[in-house]
S.K.: 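Encoded as structure tokens, here's the structure I'll be asking about.
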Amino acid sequence: MLREWEVLRERLSRIAAERVTAAGELFRAAELTLAVEESAAHRAYRWALEAYEAAGRLLDQSMTDPHTDLPDLAAAVVLAEQAVERLAAAHALHTGARPEPAAIRCFYNPLHGPAATTRPLRQAGKRRQRPTHTAREAAADRRPACLTCRHAILAGQLPDVLPALLPEKATERGTGPLLVPYYSVPQQWSPWSATACGAYDPDTPALVLRGAHYRHPPQ
């Protein structure tokens with residue numbers, strides 16, 4: 001189990017490094033000079049810079065702290081990608097265009113990409129029917145899910161969840177360490193369990209930059 005965690009951590013470290021590097025190259029290439037009155041563009045650009053810095057800080061932490069877990073690295077990926085999204089929004093606002101809406105990421109694994117729409121659009125010409133809502137549909141609608149995870153839930157299967165390592169001292173009866181769904185780690189030990197690794201909380205960059213993200217269960 002620990003070997004599986006190590007393999008996943010190594011792979012996710014490479015992905016995080018690629019995303020942070022790509023975001024840095026975009027910031028260096030995308031010159032943006034904003035007028036004082038462009039307050040919305042300033043806010044978007046400032047948030048993008050903070051998200052990029054926070055992603056880099058999480059990545060740097062993973063290189064020195066052996067206890068850095070998979071959700072920490074996933075948060076680095078999420079922040080780097082959100083930095084790129086918000087940078088594009090700042091450019092759009094600067095040119096007077098409407099920014100693209102922010103992507104809503106899959107709760108079960110925010111690395112999967114955007115969540116799928118929960119229900120297909122009714123075809124034109126079809127009579128409006130009373131919607132059905134089975135237990136599986138209710139479960140699939142409970143959290144934003146990518147198409148693959150949503151199909152798994154509708155089929156009565158487990159979605160492809162991002163795991164986290166729960167050390168022995170943090171498990172019931174000391175039966176660990178265990179790989180568990182990242183969102184099942186108590187929030188006092190992980191800031192990521194309720195926010196999809198920061199994807200749902202706009203205060204995540206500030207949280208990381210002030211060091212308040214650094215919480216770990218007893219080792």
Side-chain angles (χ1 to χ4, degrees), residues 8-107 109-115 144 146 162 164 182-183 190-216:
L8 290 171
R9 188 180 186 277
E10 182 179 350
R11 185 169 63 192
L12 193 46
S13 294
R14 289 197 300 268
I15 295 172
E18 291 170 0
R19 297 294 194 277
V20 172
T21 300
E25 291 173 352
L26 278 176
F27 273 99
R28 285 188 290 273
E31 296 182 3
L32 186 61
T33 303
L34 300 173
V36 175
E37 62 270 16
E38 295 183 82
S39 57
H42 272 291
R43 285 194 299 271
Y45 189 62
R46 185 165 53 250
W47 195 97
L49 284 172
E50 290 179 355
Y52 168 63
E53 184 181 351
R57 191 165 297 187
L58 288 171
L59 182 61
D60 291 343
Q61 175 189 309
S62 72
M63 297 177 181
T64 58
D65 182 2
H67 300 303
T68 300
D69 203 355
L70 303 177
D72 297 296
L73 289 165
V77 175
V78 167
L79 284 169
E81 293 179 347
Q82 288 185 323
V84 172
E85 290 175 0
R86 198 62 69 90
L87 176 62
H91 276 274
L93 290 165
H94 177 60
T95 61
R98 177 177 295 180
E100 292 290 329
I104 300 176
R105 286 168 169 76
C106 177
F107 174 80
N109 190 330
L111 304 180
H112 285 171
C146 68
L162 175 72
Y182 82 94
Y183 49 79
S190 171
W192 315 126
S193 57
T195 65
C197 298
Y200 299 167
D201 186 359
D203 293 330
T204 296
L207 178 85
V208 174
L209 293 179
R210 68 174 182 267
H213 69 288
Y214 197 80
R215 315 171 200 166
H216 286 295

S.K.: Just verifying a value: how many Å separate Trp192 CH2 and Leu58 CG, rounded to the nearest 0.5 Å?
M.R.: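 Spacing of CH2 (Trp192) from CG (Leu58) equals 5.5 Å.
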S.K.: Look up atom CG in Leu59 and atom CG in Asp72, then write down how far apart they are to the nearest 0.5 Å.
M.R.: 11.5 Å
S.K.: Give me the atom names and distance for the closest heavy-atom approach of Ala51 to Ala83.
M.R.: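 Taking every non-hydrogen atom into account, CB-CB, 3.9 Å.
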S.K.: I want to check something: taking the side chain as every heavy atom from C-beta on, are Val208 and Thr204 in contact at a cut-off of under 4.5 Å?
M.R.: yes
S.K.: Minimum heavy-atom separation for Pro144 and Ile104, please, with both atom names.
M.R.: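 For Pro144 versus Ile104, the nearest heavy atoms are CB-CG2, 4.0 Å.
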S.K.: Taking atom CZ of Arg86 and atom CZ of Arg46, what is their separation to the nearest 0.5 Å?
M.R.: 11.0 Å
S.K.: How close do Pro205 and Trp47 get, heavy atom to heavy atom, and via which atoms?
M.R.: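 Taking Pro205 first and Trp47 second, the nearest heavy atoms are CG-CZ2, 3.6 Å.
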S.K.: Between Tyr182 and Ala164, which heavy-atom pair has the shortest distance, and what is it?
M.R.: CA-CB, 3.8 Å
S.K.: How long is the gap from SG on Cys197 to CG on Leu79, to the nearest 0.5 Å?
M.R.: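 One gets 9.5 Å once the value is rounded to the nearest 0.5 Å.
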S.K.: Where is the tightest heavy-atom contact between Ala80 and Ala55, given as atom of each residue plus distance?
M.R.: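 The answer is N-CB, 3.7 Å.
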S.K.: How long is the gap from CZ on Arg57 to NE2 on His213, to the nearest 0.5 Å?
M.R.: 8.0 Å
S.K.: I need the Leu8 CG to Asp69 CG distance, nearest 0.5 Å.
M.R.: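 Reported to 0.5 Å precision, the distance equals 10.0 Å.
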S.K.: Quick one: does any side-chain atom of Asp201 pair with a main-chain N or O of Gly198 as donor and acceptor, under 3.5 Å?
M.R.: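 Flag not set: sc Asp201 to bb Gly198 has no pair under 3.5 Å.
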S.K.: Show me the donor-acceptor pairs, under 3.5 Å and distance only, between side chains in residues 10-35 and residues at least two apart or in other chains.
M.R.:
unit_1 : atom_1 : unit_2 : atom_2 : d
Ser13  : OG     : Arg9   : O      : 2.8
Arg19  : NE     : Glu81  : OE2    : 2.9
Thr21  : OG1    : Ala17  : O      : 2.8

S.K.: I want to check something: taking the side chain as every heavy atom from C-beta on, are Gln82 and Arg105 in contact at a cut-off of under 4.5 Å?
M.R.: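 Yes, at least one pair of side-chain atoms sits under 4.5 Å.
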S.K.: Kindly indicate whether the side chain of Tyr45, heavy atoms from C-beta on, has any atom under 4.5 Å from the side chain of Leu87.
M.R.: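 Yes, close enough: below the 4.5 Å cut-off.
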